[in-house]
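Each remark here refers to the structure printed beneath this line.
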Protein chains: 2
Amino acid sequence: MVKKPISDPPACTGNLLAMRDTLETLGGKWKLLILHYLIVREDDSNTFKKMERDIDGISSKMLSKELKDLEANKLIKREEQKTKPIKVEYSITEYGKSTKEIIDILVNWGKKHRINILESYE
Amino acid sequence: MVKKPISDPPACTGNLLAMRDTLETLGGKWKLLILHYLIVREDDSNTFKKMERDIDGISSKMLSKELKDLEANKLIKREEQKTKPIKVEYSITEYGKSTKEIIDILVNWGKKHRINILESYE
DNA sequence: CAGCATCCCGTGGGATACTG
DNA sequence: CAGTATCCCACGGGATGCTG
């Protein structure tokens, strides 16, 4: 069963509503990190365990929850292989790649910001 | 006294660190809303009370805190007029305007996302 | 391996009231 | 008007352990 990916309209419209949607969909501590991980490793086989190991500090509980949220929003794809033991692979969807421009802009802004702020303290 | 605008280096570097910086600086429930507000109203006189009234749902405590954080990061400017009663005006800085491209991208992504997700439920 | 169940805690953030 | 001070709670999220 897929959880509702977007909440009911809040008391705002237009641009604010849209921004709220984005923040709700991509916000939280791990979602963008996970997307970034899967975008960079698009051609790899990314299993749950591998991600848990690679993404520094994440717990299995949070990884599981965030993966579900991202899947509900069609940003990532989950593929289960009925082997024994079971193996699951996660990958970025074409749609999920649309978050790359967001990630890039956040990365670039962060780099500039660190320089700007730090040099003003010298 | 100005609070430290950027936290100590976490256990990550490069792109991840940069993204974390951005999220830390602009994250939270209200920062981007406030920046958006001040960017749109660049030529207005934006006082504390006015913002508290206009930004739907924000409390004076949060508004006060977020304004301080944004000022510490040089994204907004605070100007106090020693009148009676005291009057304070807030405005976006030139540097603060650099967040506009982030806001725009989040707004645009949110608009598309709502359409994409909602139509897949019809 | 992939993930859920439990327990638990810090803190983001709301409500209300008060001050210079 | 422009905030501060308190109180308080929900919930994000960590740690540990268990199951199919």
Side-chain angles (χ1 to χ4, degrees), chain A residues 1-4 7 10-12 20 23-34 37-38 41 44-72 76-91, chain B residues 1-5 7 10-12 20 23-34 37-38 41 44-73 76-91:
Chain A
M1 175 264 172
V2 182
K3 58 162 284 200
K4 193 168 69 177
S7 71
C12 60
R20 237 201 45 129
L23 263 18
E24 188 176 320
T25 308
L26 304 180
K29 191 169 174 182
W30 300 107
K31 297 220 174 63
L32 285 170
L33 270 332
I34 293 172
Y37 182 93
L38 289 177
R41 267 157 265 246
D44 297 11
S45 164
N46 300 299
T47 65
F48 190 91
K49 197 52 141 192
K50 177 160 171 288
M51 296 176 73
E52 193 182 350
R53 260 184 279 110
D54 290 348
I55 300 176
D56 194 51
I58 199 167
S59 66
S60 71
K61 172 183 151 187
M62 287 312 296
L63 181 55
S64 172
K65 177 185 167 300
E66 303 286 64
L67 287 172
K68 259 185 208 152
D69 291 349
L70 293 172
E71 192 195 0
I76 65 172
K77 191 174 54 169
R78 195 192 111 109
E79 283 169 301
E80 204 172 308
Q81 289 168 31
K82 296 275 182 223
T83 54
K84 42 176 167 95
I86 186 175
K87 188 177 177 185
V88 179
E89 293 195 357
Y90 291 93
S91 55
Chain B
M1 175 262 172
V2 181
K3 59 163 283 204
K4 194 168 68 177
S7 70
C12 58
R20 236 203 45 131
L23 263 17
E24 187 176 320
T25 308
L26 305 179
K29 191 168 173 182
W30 300 107
K31 297 219 175 65
L32 285 171
L33 270 331
I34 293 173
Y37 182 93
L38 290 177
R41 267 156 266 246
D44 298 10
S45 164
N46 300 299
T47 65
F48 190 90
K49 196 52 135 192
K50 177 160 171 286
M51 297 177 71
E52 192 181 351
R53 261 185 279 110
D54 289 349
I55 301 177
D56 194 52
I58 198 167
S59 66
S60 67
K61 171 182 151 186
M62 287 312 296
L63 181 55
S64 172
K65 177 185 168 300
E66 303 287 62
L67 287 172
K68 260 184 207 153
D69 291 350
L70 293 172
E71 194 195 359
N73 280 291
I76 66 172
K77 191 174 53 168
R78 194 193 111 109
E79 283 169 301
E80 202 171 311
Q81 289 167 30
K82 295 274 184 222
T83 54
K84 42 168 169 103
I86 186 176
K87 187 177 177 185
V88 180
E89 292 195 356
Y90 291 92
S91 56

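Just the heavy atoms: all of them, side chains too, but no hydrogens, waters or symmetry mates, feed the values below. Naming: A, B, ... by sequence-line order, numbering from 1 per chain.
Counting non-hydrogen atoms under 4.0 angstrom, A/Thr83 reaches nothing in the nucleic acid.
On the nucleic acid side, DNA chain D contacts chain A at distances under 4.0 Å to non-hydrogen atoms, with the end points of that region at D/dG13 to D/dG20.
A straight line from CD of A/Glu71 to C1' of C/dA2 spans 14 Å, rounded to a whole angstrom.
Here A/Lys31 contributes atom NZ and A/Ile76 contributes atom CD1; the two are 10.5 Å apart, rounded to the nearest 0.5 Å. The structure places NZ of A/Lys29 at 11.0 Å from CG of B/Leu23, a figure rounded to the nearest 0.5 Å. Taking OG from A/Ser64 and CD from A/Glu52, the interatomic distance works out to 10.0 Å, rounded to the nearest 0.5 Å. A/Leu67 contributes atom CG, which lies 10.5 Å from atom CE of A/Met62 (distance to the nearest 0.5 angstrom).
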Exercise for the section: Apply side-chain contact (heavy atoms from CB on, under 4.5 Å) to the pair A/Phe48 and A/Val88, showing each step before the final yes or no. Expected result: CA-CA 7 Å; A/Phe48 190 91; A/Val88 179; 5.5 Å; no
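Under 3.5 Å, the side chains of B/Tyr37 and B/Lys50 contain a donor-acceptor pair of N or O atoms.
Residues meeting the salt bridge (charged side-chain N to carboxylate O under 4.0 Å, His left out) test with A/Lys77, sequence neighbours left out: A/Glu79.
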Handout entry: Base versus backbone protein contacts along nucleotides 4-20 of chain C [heavy-atom cut-off under 4.0 Å; B, S, -]
Key = B-BB-----BBB----B
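Between the side chain of A/Asn46 and the backbone N or O of A/Arg41, at least one donor-acceptor pair lies under 3.5 Å.
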